[in-house]
Amino acid sequence: PGRSADPRCRAGWREAVAAAAGALQAGGMVAVPTDTVYGVACLAQDSAAVRSIYSLKGRNGAKPLAICLGDVERLYRYCHVNVPDELLRDLLPGPVTLVLQRSEELNKDLNPFTSLVGVRIPNHSFMRDLARACSGPLALTSANISSQGSTLTVSEFQDLWPQLSLIIDGGPIGNIWSPECRLGSTVVDLSVSGKFSIIRPGCALTPTVEILRQKYGLVPESS
């Protein structure tokens, strides 16, 4: 069910990044470790690959996919940013998905029903190296059947293995016995100037809200 490489083994790190990037460039889907849970990635600019991810997960076509980048600088190409650069860097990389207005650069077949897009820059060296190795953004979603629990080991999503081009085994993510470790990233909408809206509390809610409110003076969108 796809080849496996352990990113903790430095000798094979570059080979694993190259293999994963090659599989993505060929239109494939790759299972990857992140700083929160295991994910499945494809090239966001590849419409056929994006459709494959929805099919893989049995996902509602109206439920958006996030994009994943390696560095904050690249975010400006795919999003219209209306918050200070410092704010982005206070939250990214990290276990947070920032929802912003999408730019014309982003594939129109990715979330065509919304003018917004969620952006992830995981605090995970392998994921950032992989994103840097690809020419455009990755589309990233959790490695599970839609509506089922998030996964913290590769064995937990065995049902998906046959449809994946490659599986990157980064070992267990966090404490596999802790429900908190399966919450996924905190998703926050920053598309309205001066305000924020929590879409999913996730695993980093408290520090994220503290940064937005206390350091930057943003207010909840409902207020």
Side-chain angles (χ1 to χ4, degrees), residues 1-50 52-53 56-57 65-79 88-89 91-98 105-107 110 118-144 150-158 160-176 181 184-185 203:
R3 292 160 294 168
S4 182
D6 187 341
R8 293 171 300 178
C9 175
R10 273 289 171 182
W13 187 280
R14 288 182 183 172
E15 290 83 353
V17 170
L24 292 169
Q25 300 288 4
M29 297 179 289
V30 176
V32 289
T34 75
D35 54 352
T36 54
V37 298
Y38 270 90
V40 174
C42 74
L43 295 186
Q45 304 295 73
D46 183 334
S47 299
V50 168
S52 294
I53 275 199
L56 173 83
K57 288 177 62 82
L65 295 173
I67 62 170
C68 172
L69 301 168
D71 299 283
V72 170
E73 294 79 22
R74 298 187 70 190
L75 186 150
Y76 290 88
R77 180 172 179 182
Y78 303 103
C79 302
L88 299 180
R89 295 175 190 277
L91 296 176
L92 303 174
V96 182
T97 300
L98 300 185
E105 287 280 332
L106 199 58
N107 179 9
L110 181 82
V119 184
R120 276 278 271 138
I121 302 179
N123 188 17
H124 191 285
S125 297
F126 182 85
M127 276 308 302
R128 296 186 71 193
D129 283 354
L130 177 58
R132 290 172 182 139
C134 297
S135 56
L138 306 180
L140 182 66
T141 184
S142 53
N144 59 331
S150 301
T151 56
L152 300 176
T153 68
V154 296
S155 62
E156 290 180 346
F157 57 89
Q158 281 186 331
L160 305 184
W161 287 6
Q163 299 173 72
L164 299 171
S165 301
L166 185 69
I167 298 160
I168 301 295
D169 186 350
I173 299 174
N175 177 2
I176 64 171
C181 286
S185 64
C203 63

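The analysis underlying the following values was restricted to heavy atoms, covering all of them including side chains, and did not include hydrogens, waters or symmetry mates. Each residue takes its place number in the sequence, starting with 1.
In this structure, Ala26 has no side-chain contact (heavy atoms from CB on, under 4.5 Å) partners at least two apart in sequence or on a different chain. Evaluation of the side-chain hydrogen bond (donor to acceptor under 3.5 Å, both in side chains) rule for Thr153 yields Ser155 as partners, not counting sequence neighbours. The side-chain contact (heavy atoms from CB on, under 4.5 Å) search around Val37 returns Ser142, Ser150, Leu152, not counting sequence neighbours. When the side-chain hydrogen bond (donor to acceptor under 3.5 Å, both in side chains) test is applied to Glu105, the partners found at least two apart in sequence or on another chain are Arg77. Not counting sequence neighbours, the partners of Ala31 by the side-chain contact (heavy atoms from CB on, under 4.5 Å) test are Phe157, Leu164, Ile167. With sequence neighbours left out, the side-chain hydrogen bond (donor to acceptor under 3.5 Å, both in side chains) criterion links Ser135 to no other residue. In this view, Arg74 and Leu69, Tyr78 satisfy the side-chain contact (heavy atoms from CB on, under 4.5 Å) rule, not counting sequence neighbours. Scanning for side-chain hydrogen bond (donor to acceptor under 3.5 Å, both in side chains) contacts around Ser185 gives Thr97, Arg200, with sequence neighbours left out.
Checked against Leu65 for a side chain to side chain contact (heavy atoms under 4.5 Å, CB included), the options Leu138, Leu110, Leu140 give a single hit: Leu110.
For the pair Ile168 and Val154, the tightest heavy-atom approach, listed with the atom from each and the gap, is O-CG1, 4.1 Å. Of all heavy-atom pairs spanning Ala41 and Leu24, the tightest one is O-CD2, 3.3 Å. Scanning both residues, Ile53 and Ala139, for their nearest heavy atoms gives CD1-O, 4.3 Å. Considering every non-hydrogen atom in both Ala49 and Gly27, the closest pair reads CB-O, 3.8 Å. Considering every non-hydrogen atom in both Ala21 and Ala133, the closest pair reads CB-CB, 4.1 Å. Heavy atoms only, all atoms of each residue included: Leu75 and Leu88 are closest at CD2-CD1, 4.2 Å.
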- side-chain contact (heavy atoms from CB on, under 4.5 Å) between Leu106 and Gln45: does it pass, once the steps are laid out? CA-CA 7 Å; Leu106 199 58; Gln45 304 295 73; 3.8 Å; yes

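With values rounded to the nearest 0.5 angstrom, Ser47 atom OG is found 3.5 Å from Asn107 atom CG. Note that OG of Ser165 and CE of Met29 are 6.5 Å apart. Values are rounded to the nearest 0.5 Å. Interatomic distance, CG of Leu160 versus CG of Asn144, reported as 7.5 Å (0.5 Å rounding). To the nearest 0.5 angstrom, Ile173 atom CD1 is 9.5 Å from Cys181 atom SG.
Considering only heavy atoms from C-beta on, Pro122 comes within 4.5 Å of Cys68 through its side chain.
For residues 16-34, the side-chain hydrogen bond (donor to acceptor under 3.5 Å, both in side chains) pairs, not counting sequence neighbours, are Thr34-Thr36. Within the structure, the salt bridge (Lys or Arg N to Asp or Glu O under 4.0 Å) test picks out the following pairs touching residues 29-49 (sequence neighbours left out): Asp35-Arg120.
A donor-acceptor pair is defined here as one N or O able to donate and one able to accept, closer than 3.5 Å; such a pair exists between the side chain of Asp169 and the backbone of Gly171. No donor-acceptor pair closer than 3.5 Å links the side chain of Trp13 to the backbone N or O of Phe126. Between the Lys57 side chain and the Ala143 main chain, no donor and acceptor come within less than 3.5 Å of each other.
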